[in-house]
Number of protein chains: 2
Amino acid sequence: MAAQQRQVTLTDVARAAGVSTATASRAINGSSRRVSEDIAARVKRTAEELGYLPNLSAQTVAKGASPTVAVLLSDIADPYFSAIASGIMARASEAALMVTMAASERSGARELQMLRTFRSQHPRAIIVAGSRDEENAHSQEVTAALRAYAETGGRVVVISQGPSPFDLVDIQNHDGARKLAHALLDRGGANFGVVSGRVTLHTNADRINGFRTGLAERGHTLADDAIVEAEFTRDGGYVGMQELLARREDLGAPLDTVFVTSDMMAFGAATAIRDHGLSVGTDISLAGFDNVGLTQDVTPAMTSVEIPLHEVGRSAVRMALGSGTEPVHLAVQTHVVLRASTPQR
Amino acid sequence: MAAQQRQVTLTDVARAAGVSTATASRAINGSSRRVSEDIAARVKRTAEELGYLPNLSAQTVAKGASPTVAVLLSDIADPYFSAIASGIMARASEAALMVTMAASERSGARELQMLRTFRSQHPRAIIVAGSRDEENAHSQEVTAALRAYAETGGRVVVISQGPSPFDLVDIQNHDGARKLAHALLDRGGANFGVVSGRVTLHTNADRINGFRTGLAERGHTLADDAIVEAEFTRDGGYVGMQELLARREDLGAPLDTVFVTSDMMAFGAATAIRDHGLSVGTDISLAGFDNVGLTQDVTPAMTSVEIPLHEVGRSAVRMALGSGTEPVHLAVQTHVVLRASTPQR
DNA sequence: AAGTTCTAGGAAAACGCTTACCTTGTGACC
DNA sequence: GGTCACAAGGTAAGCGTTTTCCTAGAACTT
């Protein structure tokens, strides 16, 4: 490997072009001040020849803010978050912003830690994706950290969690679940069960409540013991469904339709149903939430509630770029996509 | 919103604690030089009280390198990449490194652009995930940019693409596909077809060649017109399979087993088979590659070749942290996971 | 032609940190 | 008791930028 080379600095370019660093800076990296055509051209050419690349950190120190948005999410391997991340990265790239990302793995302590690191970076904005968890011991401190960041001039955009003192991309979980309930009733569902991730997560609570509301509007009820709580993962869905099937006999009427609060869980739940010797659709109708790409590829294709996740990510960046002083709340509509897993019965 | 506040700097802390900035720096952010217990404690306490957070950019400028790894990948919404990213982020977090990430969306021009931005950042390492595409017009320039970066002291880690002048996490695609061929022969497959993403992508080429090699080792051949090339996406899999089914009659013998070069494509392919009125498993055995989480949840569960993607991501960071001068190549083994989509026939 | 306003370049301070170098005080050694 | 080594603090230079002044000349006014 070749001997280590020093990076080309603006000073090098300036000297080579025979101008001051001030002029070089203005010519290359832009400024309100203008530079005469010929000099600017000469400087740019010299920069090109020398292979100059601006030092982002130095720029950040000098300017006081870096062209970066920081993204905090629970788990990038989850398609829900990776779809959002994809939108964020796409929009950020258009706005010439870098993206730095970290996963909290749903640990409050880690969340706090990453937020500290983010703040050290002085990003233009911090985007927090992932439902606030009421049981999270660090929830207070997280909010405090975000507020402190906002007070030093940063923007905070939160994706998907109830009322918020910050900019908010508000996914209509409640309404989506409510509409899903109507749709399932229309398909002849009569006895409902729910498999949910931990209800201390607002997202899950909203979806359950919305579902219950939807049923209630048509005079149906959801028994408390027809709701099973499990891990908010594919495997959690499997286990939760097993539990629900075990409780099945004890329930007053035979269960015919199950709402699982996320697609990933629903995929696990479907496998549990089959492992139990039953058939998805025929024996038990099954619906998920999020409408991730694979809902249409599983068999039977899974009914779900679509959230335009990519667009949610893009919107978050758009809001991060905003400059208003009042927090903006953007409601993102969701809608039901009926598929074979919930046939007419 | 409160009036904008100035951030607390090291100078503030030093003054408040009654020491010089040199001492404060040594006490808080560590150094080879030691500081007496009591002073260190006082400084730390003061920093805590004032809510001091180090300015990462300033540190980077002063030290010449930032505690960051930059990750360039094709598309974060693809589970293949998000699994890798997840491993990268986990390992990076352990090593107290930030992660900045960008998606090329498979455009060479964009790839080059992001690489420039990355270089501006002076990260400790750049990790490139995603197969090199031979048709990529910018391929040369990309390599040149990476080399230039390496020459200024950065480390480059490449995930999954043949021989490389850089550190390499070498996923054994060829070998995995070869073993898959054996396994499918053992299950009684006799007439094979392949649906692949563009073969100009090394990954696809390796998988096809490995599969062909595996067949050849048992005296079977793969006809050229039994290979269909399509987009390297779920929808590409659907379209590619349609095409293969259309060609089916023209093929000498009745197709009984199809290898699709990625799971995502295979999911699409399965739907195409069903839409064509055939059944996956019974009529046509189907196998994918990557073993993404959902292979076990589709029906029938999909045979695939496992790549420990999370571990791949972790390894990439581990190598990025290395300091050797010679490029390291790490071979990552793959192995076949047989499921119901390829029953004994 | 004298005065005024622009214009475009340069010098140097500033951003927040690290670190090479200097200084002083302490204890070890003989 | 004098020399030395060393430890632990401070001073100030430096990292690569941007930006605030300053200045000299050009281009207008009248």
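Below, read A as the first sequence line, B as the second, and so on, with proteins coming before strands; counting in each chain starts at 1.
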Would one find a side-chain N or O of [X] under 4.0 angstrom from OP1 or OP2 of [N]?
X: Ser20(A); N: dG9(C); answer: no
X: Asn55(A); N: dC15(D); answer: no
X: Arg33(B); N: dG9(D); answer: no

Check whether any side-chain heavy atom of Val99(B) sits under 4.5 Å from a side-chain heavy atom of Thr100(A), and report yes or no.
->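 Val99(B) vs Thr100(A): side chains apart.
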Is there side-chain contact between Glu141(A) and His138(A), with heavy atoms separated by less than 4.5 Å?
->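 Touching, per the 4.5 Å side-chain cut-off.
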Donor-acceptor side-chain pairing of Arg318(B) and Ser315(B) below 3.5 angstrom =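 The answer is yes; a qualifying pair exists.
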Donor-acceptor pair between Thr23(A) and Ser20(A) side chains, under 3.5 angstrom |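 Note: Thr23(A) and Ser20(A) side chains meet the donor-acceptor criterion.
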Among [options], which nucleotide sits nearest the side chain of [X]?
X: Lys63(B); options: dT19(C), dG9(D), dG16(D); answer: dT19(C)
X: Ala62(B); options: dT20(D), dG16(D), dC17(C); answer: dC17(C)
X: Val61(B); options: dG16(C), dT17(D), dG10(D); answer: dG16(C)
X: Ala58(A); options: dG16(D), dC17(C), dG9(C); answer: dG16(D)
X: Ala22(B); options: dT19(D), dA12(D), dT18(D); answer: dA12(D)

Sugar-phosphate only, base, or nothing, as touched by Ser36(A) at under 4.0 Å among non-hydrogen atoms |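 Counting heavy atoms under 4.0 Å across all strands, the contact made by Ser36(A) is with sugar-phosphate only.
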Using a heavy-atom cut-off of under 4.0 Å over every strand shown, decide if Leu56(A) touches base, sugar-phosphate, or nothing.
->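 Contact class for Leu56(A): none.
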Once you round it to whole Å, what is the distance between C1' of dG16(C) and CD of Gln7(B)?
->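 My rounded result for the distance is 7 Å.
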Does any donor-acceptor pair link the side chain of Arg34(B) with the base of dG9(D) at a separation under 3.5 Å?
->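 Per atom types, no contact qualifies.
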